[in-house]
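These notes are about the structure you will find just below.
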Amino acid sequence: TNLALSDNPTIGVTDADLQISLTDRATKPVAYYRAEIRKRLRTEYPEIKLFFMAADIVSQILNFGLPAPINVQIAGSKRLDNFELAKKIAARMKQIPGAVDVYVHQVMNTPELDIIVDRDRAAALGMTERDVASNVLVSLASSQQTAPNFWLNPTNGVQYAINVQTPTSGMASLDAVMGTPVVSAGATASGNVSAMQMLSGVATVSRRTGIGVISHRDVQPVFDVYANVQDRDLGGVARDVDKIIKEFEPSYPKGTTIALRGQVASMRTSYEGLAYGLAFAVLLVYLLMVVNFQSWLDPLIIVTALPGALAGIVWALFATQTTLSVPSLMGAIMSIGVATANSILIVTFANERRQAGLSAHDAALEAGYTRLRPVLMTAFAMIIGMFPMALGFGEGGEQNAPLGRAVIGGLLAATLATLFIVPIAYSALQGRVPVRRAGDALDTELAA
């Protein structure tokens, strides 16, 4: 009974959920076994529609409860036209490299039994159409919906649902369905069993096809095309899906709209927010250093190490074949903070040596030499701490691995930039500015 899994994409008795747990002998990533299962089942059972749902709680939250990270949602009042459009879009999406498990969620040709009640005959027998419908519903779908009943266990205080339903083996044919006992609500309350009739005596049954599941969003009926991703990043597949949506845009039925939802929407929102956050973090750090240093030039010299950190992040992600993600962007913000702190050490010491009488070139050279050990200690302590995370060992380790790899790559490049680029920038920019020593103001007053 589908009570606990209310957001389940299964829509009928022809669907089933398979929960697979890997044993300790599984030495390869989960994505490998998913790919193998897809390949073997599609070869041996090509008539089966197969797709993988989000298994971990993080992916389920990012998907907003949807069974796949990509959801092309077609909304409009013209059901048949939109269903045909959904099938065309799904056929084109199957050709996208990296797109797997592409299918249309809604089914339009589900087999149905149309039960037509003879109201006159039912009224003559003391029944209403509601009585007939309730008896058939209880027999086929249990009494949980029409007359929920619970039993309280006095031992442990747990309530258990008590349902009445005809076994599925007893409903294997149309004749068996027509033999369903039907009785009015009043006869049930009084215990008058003689008023019981068979369904065949008050109704006729015919076969037809209909809509298996009806979905709505903002009142409008919708059709969902779901797709998963394999051997490719989600952003690349989503860009190809956007092209397909624009390709079909001229053929939209009147009043139909198409939106790309699911994890793609949250990913793009998160990327946009983190990109603004990264830029704002750099700007905020720069303005804060302007206040502390009482100078616009010193903070500018300090932030010259940040392009090196960004380049190191890109290099590390490319070298490890890691896609850009939210954890990697968080690692970028962390590495920028450490790189800024190390650059402050260099510039602060260089300013002190310059006030002592050294030139900008000599002060920058001595700062790089003297502050070498503190800079390396800070950077390598962070790198060593992130190294186990970057390897991605353990259950769920691959989710946080991009953060560690981004931090390691960013700090390696930022450390080199701090020890070489920052002193060069200091020597070039501060060499043009006259130094004001602490005793200059006193000398001026004494001379006056």
Side-chain angles (χ1 to χ4, degrees), residues 20-39 52-63 69 98 100 228-237 263 266-267 270-271 274-275 277-278 281 305-342 373-419:
I20 303 173
S21 298
L22 299 180
T23 63
D24 296 336
R25 293 179 298 174
T27 58
K28 296 184 179 180
V30 176
Y32 169 80
Y33 296 103
R34 286 179 181 173
E36 286 296 316
I37 291 174
R38 286 190 184 105
K39 182 174 62 176
F52 281 89
M53 301 192 324
D56 58 291
I57 187 64
V58 176
S59 299
Q60 292 174 2
I61 293 175
L62 293 177
N63 292 349
V100 294
N228 217 321
V229 179
Q230 175 181 307
D231 299 332
R232 194 182 176 191
D233 61 290
L234 180 60
V237 176
Q263 191 177 145
S266 61
M267 178 192 69
S270 301
Y271 280 9
L274 285 174
L278 185 61
L306 300 187
L310 297 177
I313 293 169
V314 175
W315 168 81
L317 295 180
F318 176 78
T320 57
Q321 293 297 302
T322 304
T323 58
L324 188 65
S325 60
V326 172
S328 61
L329 289 176
M330 294 175 60
I333 296 177
M334 294 174 59
S335 62
I336 284 177
V338 177
T340 303
N342 288 338
R373 181 180 296 178
V375 169
L376 292 180
M377 289 175 61
T378 304
F380 281 105
M382 191 77 170
I383 291 174
I384 294 173
M386 287 293 174
F387 191 74
M389 181 184 294
L391 295 177
F393 291 153
E395 296 183 2
E398 64 273 7
Q399 294 185 354
N400 295 324
L403 188 150
R405 295 166 186 172
V407 171
I408 291 176
L411 286 183
L412 286 176
T415 302
L416 296 177
T418 300
L419 296 176

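The first residue in the sequence is number 1, and the count goes up from there.
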### Task
To the nearest 0.5 angstrom, please state how far the CG atom of D231 sits from the OH atom of Y32.
12.0 Å
### Task
State, yes or no, whether a side-chain contact exists between L391 and M386 at a heavy-atom distance under 4.5 Å.
no
### Query
Checking side-chain contact (heavy atoms from CB on, under 4.5 Å) for the pair L419/L376: CA distance, chi angles, key distance, verdict?
CA-CA 9 Å; L419 296 176; L376 292 180; 4.2 Å; yes
### Message
Would the distance check show the side chain of N228 and the main-chain N or O of F52 forming a donor-acceptor pair, the cut-off being under 3.5 Å?
### Response
yes
### Query
Looking only at heavy atoms, which two atoms of Y271 and L329 are closest? And how far apart?
CD1-CD1, 3.9 Å
### Task
For residues G410 and I313, report the shortest heavy-atom separation together with the two atoms involved.
CA-CG1, 3.6 Å
### Query
Do T378 and V338 come close enough that some side-chain heavy atom pair is under 4.5 Å?
yes
### Task
Assess whether side-chain contact (heavy atoms from CB on, under 4.5 Å) is satisfied between V375 and T415, documenting all intermediate values.
CA-CA 7 Å; V375 169; T415 302; 4.1 Å; yes
### Task
Measure across I408 and F387 and return the closest heavy-atom pair with its distance rounded to 0.1 Å.
CD1-CA, 3.8 Å
### Query
Can you find a heavy atom in the side chain of T340 that is under 4.5 Å from one in the side chain of L306?
yes
### Task
Please tell me if the side chains of T322 and S328 come closer than 4.5 Å, counting only heavy atoms from C-beta onward.
no
### Query
What heavy-atom pair brings A379 and L411 nearest, and what distance separates the two atoms?
O-CD1, 3.9 Å
### Summary
Closest non-hydrogen atoms of Y33 and K28, given as atom of the first, atom of the second and distance, are CE1-O, 3.2 Å
### Message
Is it true that, when you exclude M334 itself, more than 12 heavy atoms of the residues, nucleotides or ligands shown sit nearer than 6.0 Å to its CE?
### Response
yes
### Query
Which heavy atom in A316 sits nearest to a heavy atom in G409, and how many Å separate them?
CB-CA, 3.6 Å
### Task
Give the intermediate values and the outcome of side-chain contact (heavy atoms from CB on, under 4.5 Å) for residues M389 and V407.
CA-CA 10 Å; M389 181 184 294; V407 171; over 6 Å; no
#### Entry: Side-chain heavy atoms of V314 within contact of L324, under 4.5 Å
no
### Full working for side-chain contact (heavy atoms from CB on, under 4.5 Å) between V100 and V229
CA-CA 6 Å; V100 294; V229 179; 5.9 Å; no
### Message
Contact between S270 and M267 at the side-chain level, heavy atoms closer than 4.5 Å - yes or no?
### Response
no
